[in-house]
Amino acid sequence: MTVSDQDAAFPGPRLDLGQDAPLHLDCGVDLAPVTIAYRTYGHLNADRSNAILVCHALTGDQYVADPNPLTGKPGWWQQLVGPGRVLDTDRYFLICSNVLGGCMGTSGPPATNPETGNPWGLTFPVITISDMVRAQIRLIDHLGIDQLFCVIGGSMGGMQVLEWAVHYPHRVFSAVPIASAARHSAQNIAFGEVGRQAIIADPEWCQGDYLSHDKRPQNGLAVARMAAHITYLSEAALHRKFGRNLQGRGLTYGFDADFQVESYLRHQGSSFVERFDANSYLYITRAMDYFDLAADHGGSLANAFRGTPVRFCVMSFTSDWLFPTRESRAIVQALNAVAANVSFVEVESDKGHDAFLLDEPEFHATLRGFLEGAAEHRGLPRGGR
Amino acid sequence: MVALNNGMTAPSIRVDLQLVADMVDPRSRVLDIGCGEGILLDYLNRFKQVDGRGIELSMAGVRAAVAHGLSVIQGDADTDLKDYPSAAFDYVILSQTLQATREPKRVLENMLRIGRRAIVSFPNFGHWRVRLSLLGHGRMPVTETLTYQWCDTPNIHLCTIRDFRVLCDELGIVIERAISLDSRGRTRFDAAGHLANWLGEQAVFLLRRV
């Protein structure tokens, strides 16, 4: 059992894996002890068949449907989770854990290495999407759940969903990867690298050891967030929201934020650094870069899915250029090649990659229908509506 | 000759869909190509307990089907059937869609590769009204089953019942059953005879490989 300094900061249950139960990581390290911070919503039924694991994205966290303890803002999927909502807490038992390498209570670079008493920083082993899922498996074991009714997530969350379905097919009844891909593209890796270099170039980063020096590479992390944020939106959404609108005082003939879009991005950057750790950003973006499901299966994505009993629902958004529909379609093609049970919907939206986090009625209606169908096949009781 | 609605729990679906549904054995694996909003799939799921999948070109159709709990993907009969493995399904269904494919021959071949059996329904271009429209008025026919004007029709490969039989012969496909429907949706003859090609507005074929 370890108790990290951040415990009080991140309300919710946590699972402490002791020295005797190390996580075997892809990089070869046996990591122990490991802490997994998580939240649950709803109740596990008697035969433990109604559990849904929600996998969060790069900068998400376990606070799916309650206020984020650092920002006080509503949970990131609040509109989807609750009694009678799509992820109906009257019917399903929802679980979401902070990913390995994260900064919201699960073991990661900002947490304290119990062996040294200092923050892990760059001594934390480089983790992968598989490693994140290995940690989740331990949590699901701990909760006494043999098979999840559904694993669902968007973006990096979708990568974890695919990882679950491919490596633990008998522990997943249905899988919903949203706005995701079976691998990070060259463009994705390129954007990740811009973000990482912005952090590393900040002198306050201190070779990764900023916590020991009581510093924070806030400028670097903010720039990383600003660049990334552009990739989460569509050109149309940016134009609709801001156009070339000025801040109100006209052109200043200087380098202040003359344009509203600049001010918006700066705000995104500065608010992000209040809640996220720069080293975690490096580690998690790296994990996404390393993700390539086909590569682990002789270069064939179809091989990864061969014989899968899992019911899939793959979803993408028309204006998402970070994880475009063709990436989802590649997953669908691979699933078809093994005659897997798959639904695939491309939702019409001009909100870009972020659409999976937003109020998109068509997305929600489709997801509700898929879950209803899956619940019927799983023999779960029908919903109230 | 055909067991239509049993009058108990089964809802009424379009008569040609009902004919297709009646050809499917319970608890089989079914792929419905051009499934639209999934009316047939839904019926087969409920009343035949099939393991059903669908492909639909229009996103609106796909969204409606998936929101209804059906396993449907957005896809194109001409380009996406090659992704499926051989003998993966008991039945591959193509209802009222063959005439809209770019390569009907290749689609048929793929259907019988993927499925043990194929069920194909299509409007019969040999129907007397169609013939009359051309012969008498010199106009491309617009009928209840062929509702489009020539210039905006998705039906680019229309055929007659006889044409279809010839194609099956050519491809070495065995016709297990063939039924034609008249304009009131009443079933007519085994679509073998010449009369069927005159009087059938649409036809439903159950096919298998040799």
Side-chain angles (χ1 to χ4, degrees), chain A residues 86 174-176 178 300-303 305-318 325-326 328-349 360-378 380 382-383 385, chain B residues 27-33 35-39 41-92 110-111 113-116:
Chain A
V86 177
S174 62
V176 186
I178 306 160
S300 157
L301 193 52
N303 280 344
F305 294 120
R306 199 165 296 284
T308 183
V310 180
R311 295 172 75 89
F312 288 85
C313 182
V314 180
M315 280 192 258
S316 67
F317 297 92
T318 49
T325 290
R326 67 173 172 277
S328 286
R329 209 178 275 282
I331 297 168
V332 173
Q333 272 169 357
L335 286 166
N336 279 341
V338 296
N341 192 319
V342 54
S343 294
F344 164 55
V345 172
E346 180 189 38
V347 175
E348 196 90 42
S349 167
E360 287 282 348
E362 197 168 63
F363 160 44
H364 294 182
T366 309
L367 182 56
R368 184 189 289 275
F370 173 76
L371 289 174
E372 283 291 336
E376 207 175 309
H377 282 270
R378 184 68 184 86
L380 296 178
R382 291 194 72 80
R385 31 163 104 188
Chain B
R27 284 171 290 282
S28 50
R29 286 168 63 84
V30 174
L31 176 65
D32 185 1
I33 304 166
C35 66
E37 296 182 3
I39 291 165
L41 268 182
D42 188 47
Y43 181 94
L44 290 172
N45 273 342
R46 277 169 203 278
F47 300 107
K48 295 252 175 153
Q49 294 79 44
V50 302
D51 178 7
R53 318 284 165 73
I55 303 180
E56 168 58 28
L57 191 57
S58 90
M59 258 306 161
V62 176
R63 282 188 287 258
V66 176
H68 206 66
L70 301 167
S71 299
V72 173
I73 65 163
Q74 197 273 336
D76 185 331
D78 276 305
T79 54
D80 296 337
L81 294 185
K82 63 173 175 11
D83 296 335
Y84 288 85
S86 298
F89 293 92
D90 297 311
Y91 299 93
V92 179
N110 262 322
M111 288 176 71
R113 177 184 63 79
I114 299 166
R116 284 193 306 116

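Just so it is clear: chains get the letters A, B, ... in the order the sequence lines come, proteins before strands, and each one is counted from 1.
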Most chain B-contacting option - heavy-atom pairs closer than 4.5 Å, from Ala339(A), Ala302(A), Gly373(A), Cys313(A):
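Ranked by heavy-atom pairs under 4.5 Å with chain B, first place is Ala339(A).
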Show me the pairs that pass salt bridge (charged side-chain N to carboxylate O under 4.0 Å, His left out) and involve residues 58-73 of chain B, at least two apart or across chains.
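Of all non-adjacent pairs touching residues 58-73 of chain B, those that pass salt bridge (charged side-chain N to carboxylate O under 4.0 Å, His left out) are Glu362(A)-Arg63(B).
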Can you pull out the residues in residues 48-60 of chain B with any heavy atom less than 4.5 Å from chain A?
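The residues closer than 4.5 Å to chain A, in numerical order, are Asp51(B), Arg53(B), Met59(B).
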When rounded to the nearest 0.5 angstrom, what is the spacing between [atom1] in [X] and [atom2] in [Y]?
X	Y	atom1	atom2	result
Phe312(A)	Ser71(B)	CZ	OG	11.5 Å
Asn336(A)	Asp80(B)	CG	CG	7.5 Å
Asn45(B)	His377(A)	CG	NE2	5.5 Å

How far apart are the closest heavy atoms of Ile73(B) and Val342(A), and which atoms are they?
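Nearest pair, atom of Ile73(B) first, then Val342(A): CG2-O, 3.2 Å.
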Given a strict heavy-atom distance threshold of 4.5 Å, which part of Leu70(B) is in contact with chain A: side chain, backbone, both, or neither?
backbone
Side chain, backbone, both or neither: which part of Val66(B) has an atom under 4.5 Å from a heavy atom of chain A?
both
Tell me, side chain or backbone of Val332(A) under 4.5 Å from chain B's heavy atoms, or both, or neither?
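Val332(A) touches chain B through side-chain heavy atoms alone.
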Of the backbone (N, CA, C, O) and the side chain (C-beta and beyond), which part of Val314(A) lies under 4.5 Å from a heavy atom of chain B, both, or neither?
neither
